[in-house]
Amino acid sequence: MRETPALVSEPALRILFAASEVTPYSKTGGLADVAWALPAELARQGHQVLVVTPRYGSVKVPDARPVGEPFTLRFPFGEEVVRLFALEPQDNLRIVFVDTPRLSWREGLYGEEGRDFHDNSQRFALFGMAALTAAQALRFVPDVVHCNDWQTGLMPLALKRAYRRVWPGARSVLTIHNLAYQGVFPKHELDVLGLPWELFTVDGLEYWGHLSYLKAGLVWADALTTVSPSYAREIQTKPLGMGMEGVMQARAHVLRGIRNGVDVLEWNPATDALLPHRFSAQDVSGKQACQVALLERAKLPPPPAGLPVFGVIGRMVDQKGVDLLLGALPPWLEHGARVVVLGSGAAQYEDGWRRLEARLPTCVRVTIGYDDGLAHLIEAGADFFIMPSRFEPCGLNQMYSQLYGAVPIVHAVGGLKDTVSDVTQADGSGVVFTEATVDGLRRALSRALALFRDPTRYREVQRRGMARDFSWAAPARDYVDVYRSLLRTR
Ligand code: ADP
């Protein structure tokens, strides 16, 4: 039976959603998950959503059909012919892929072999203009243009200038998925891009003598959001403001934190097709079978009684606290606890994990790479999931892990703090620690071990996590609130 879209008492909105990556077509991080699931939920709630994203060389969409006429965009750096291809995966939702040589002739999203492309400023100026022109070419008149991260940072500016007369009623929102990525380029790029120097001021595009696409978005978007309420506060402070804290403070009145949701069609242990066994909060026996399957796949023997299997998934970068894991875990592993690790990133961290695996080969298994199936199996098979991020805008894995009964051990920061409550609380669903140091994590691991050795309490904490509602329904309504409040000011 088809689901009826939720009733909307106010008129449905037309939302142009621009993102440089969208699951499952292209992905380097959580942005891609959001750029799929949020538009899908908005469409389900009855709004008309047009998602525009690049068709990189690596994007395989054989079913996408050509739409509109090809058009040419002209910049001082050159002319680009843009072709559009579209998919309509559900009612009210259209995904348009922008195909143009600079974006599509290379496989990578932002770079290759660990290095950024030399012309990213041009590629994403082009993408921003192509996204606006695509909507225009397809006669989609947006109420709201929802931009995401630095790659779309010039779009709010374009809306205030070139597009002011085209769509006088349109308002822009920029979502910050991670303030650490700011799209900073040498200032001489202004000439290459054809941007007027009068915009190169402290209140404009200028960022410590350079040009920042993110800052353009922060300054010119009508509303800003970020992906958790705690992160919205943290980015206004020096330690986590990444040099943008002044801008964030100045724009605090238009900034709102809305926690990300989870695509519960993909991440539900009761229906997950990627798992060898399924389970639910009522019956976790399938989780034990998943643990057996995980250890078999990892070629690790089961841990001695009373010791857990830990899971770790994510980009191996400073942000994620890999050094804390490498410093705090070994004593527990030497006693026989197991850890299954999946991710890739900085060579020093990949090597650090490989060295630990070589030293403790029956306790540590490290997979360097990207593997969806293994990510699901780790969440399903682990007793605990560790995420000691130094900062975390929202984070998705700690939510997946709660739904999959892998009790999260997290640093109290950003979205981790907003989505996991400590076992000492009545609604505790994880172990939350406040000090992002090796000692802080070590103490958290001790608390986790004590919890694990009390099976009744452990099950209670696990069940509370599994019962949490992390769906997109409520966050999507919060975004609609933001959109509507902007439109009231028209
Ligand atoms: P970030 O966006 O900072 O990388 P998030 O936790 O918000 O972190 O989102 C990361 C997303 O990427 C999650 O969906 C996570 O499961 C997934 N992921 C990260 N690394 C891997 C990997 N090596 N294999 C499979 N999935 C991964």
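As the structure lists them, so they are numbered: ligands from 1, and atoms in each ligand from 1. Nothing here was measured: the structure is a model prediction, and the numbers come from that model.
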Participant: Salt bridge check: are Arg359 and Glu334 linked by an N-O gap of less than 4.0 Å?
Facilitator: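 Result for this pair is yes, salt bridge flagged.
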Participant: I want to know if ligand 1 touches Trp267 in the polar sense, i.e. an N/O pair below 3.5 angstrom.
Facilitator: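 No - when backbone and side-chain N and O of Trp267 are compared with those of ligand 1, no distance drops under 3.5 Å.
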Participant: Looking only at protein heavy atoms, which one is nearest to atom 24 (N) of ligand 1, and how far off is it?
Facilitator: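 That would be Asp371 N, 3.1 Å.
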Participant: Between Lys27 and Asp372, does at least one N-O distance fall below 4.0 Å, as a salt bridge requires?
Facilitator: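 Between Asp372 and Lys27 there is no salt bridge, as every charged N stays at least 4.0 Å from the carboxylate O atoms.
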Participant: Please state whether Cys394 comes within less than 4.0 angstrom of ligand 1, counting heavy atoms only.
Facilitator: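 In this structure, Cys394 fails to qualify as a contact of ligand 1 - no heavy atom is under 4.0 Å.
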Participant: Please could you name the atoms of ligand 1 that Leu342 approaches to less than 4.0 Å, counting only its heavy atoms?
Facilitator: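 So the answer, numbered in order with elements, is 22 (C), 23 (N), 24 (N), 25 (C).
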Participant: When you check the side-chain N and O atoms of Ser421 and Arg468, is any donor under 3.5 Å from an acceptor?
Facilitator: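 There is such a pair between these side chains.
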Participant: Below 30° counts as parallel, above 60° as perpendicular, anything between as tilted: where do the rings of Tyr213 and Phe185 land?
Facilitator: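 If you compare the ring of Tyr213 with that of Phe185, the planes turn out perpendicular.
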Participant: Side chain or backbone, does Asp33 bring an N or O within less than 3.5 Å of an N or O on ligand 1?
Facilitator: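 Yes: some nitrogen or oxygen of Asp33 is under 3.5 Å from one in ligand 1.
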Participant: What protein heavy atom sits nearest atom 19 (C) of ligand 1, and how far off is it?
Facilitator: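 Going atom by atom, the protein heavy atom closest to atom 19 (C) of ligand 1 ends up being Gly314 CA, 4.0 Å.
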Participant: Are Arg44 and Glu41 close enough for a salt bridge, meaning some N to O gap below 4.0 Å?
Facilitator: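 Counted as a salt bridge, because a side-chain N and a carboxylate O are separated by less than 4.0 Å.
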Participant: Quick one: does Thr28 get an N or O within less than 3.5 Å of an N or O on ligand 1?
Facilitator: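 No; every N/O pair is 3.5 Å or more apart.
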Participant: side-chain hydrogen bond (donor to acceptor under 3.5 Å, both in side chains) with His376: which residues, sequence neighbours excluded?
Facilitator: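 His376 satisfies side-chain hydrogen bond (donor to acceptor under 3.5 Å, both in side chains) with Glu266, Asp272 only.
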Participant: For atom 15 (C) of ligand 1, what is the closest protein heavy atom, and at what distance to 0.1 Å?
Facilitator: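 Looking at atom 15 (C) of ligand 1, the protein heavy atom closest to it is Asn397 ND2, 3.3 Å.
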Participant: Check this for me: does any side-chain nitrogen of one of Arg94 and Glu88 sit under 4.0 Å from a carboxylate oxygen of the other?
Facilitator: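 Glu88 and Arg94: salt-bridged.
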Participant: Quick check on Gly369 - does any of its heavy atoms sit under 4.0 Å from an atom of ligand 1?
Facilitator: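 Distance cut 4.0 Å: Gly369 passes for ligand 1.
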Participant: Give the atom numbers and elements of ligand 1 that come within less than 4.0 Å of a heavy atom of Arg315.
Facilitator: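 That gives atoms 1 (P), 3 (O), 4 (O) of ligand 1.
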Participant: Heavy-atom contact check, 4.0 Å cutoff: does Lys27 meet ligand 1?
Facilitator: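 It does, in that a heavy atom of Lys27 comes within the 4.0 Å cut-off of ligand 1.
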Participant: Answer yes or no for Lys320: is there a heavy-atom contact with ligand 1 below 4.0 Å?
Facilitator: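 The answer is yes, since Lys320 has a heavy atom less than 4.0 Å from ligand 1.
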Participant: Could you list which atoms of ligand 1 come closer than 4.0 Å to a heavy atom of Gly395?
Facilitator: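 It comes down to these atoms of ligand 1: 6 (O), 7 (O).
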Participant: Under a 4.0 Å heavy-atom limit, does Leu396 contact ligand 1 with its side chain, its backbone, both, or neither?
Facilitator: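 For Leu396, backbone and side-chain atoms both sit under 4.0 Å from ligand 1.
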Participant: Give the ring-plane orientation class for Trp267 versus Tyr400, where under 30° counts as parallel, over 60° as perpendicular and anything between as tilted.
Facilitator: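 Parallel.
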Participant: What's the shortest distance from atom 22 (C) of ligand 1 to any protein heavy atom, and which residue and atom give it?
Facilitator: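 Going atom by atom, the protein heavy atom closest to atom 22 (C) of ligand 1 ends up being Tyr370 CD1, 3.4 Å.
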Participant: Going by heavy atoms, is Gly343 under 4.0 Å from ligand 1?
Facilitator: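 Yes, Gly343 has heavy atoms under 4.0 Å from ligand 1.
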Participant: Is the distance between the ring centroids of Phe97 and Phe85 under 6.0 Å?
Facilitator: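 Centroid distance Phe97-Phe85: not below 6.0 Å, so no.
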Participant: Indicate yes or no: does Arg123 engage Asp116 in a salt bridge with an N to O separation below 4.0 Å.
Facilitator: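 So Arg123 does not pair with Asp116 through a salt bridge.
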Participant: Between Arg233 and Ser230, is there a side-chain donor-acceptor contact under 3.5 Å, judged purely by atom types and distance?
Facilitator: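 Checked: Ser230/Arg233 side chains pair up, N/O donor to acceptor below 3.5 Å.
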Participant: In ligand 1, which numbered atoms sit nearer than 4.0 Å to a non-hydrogen atom of Gly30?
Facilitator: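 So the atoms of ligand 1 that pass are 1 (P), 2 (O), 7 (O), 9 (O), 10 (C).
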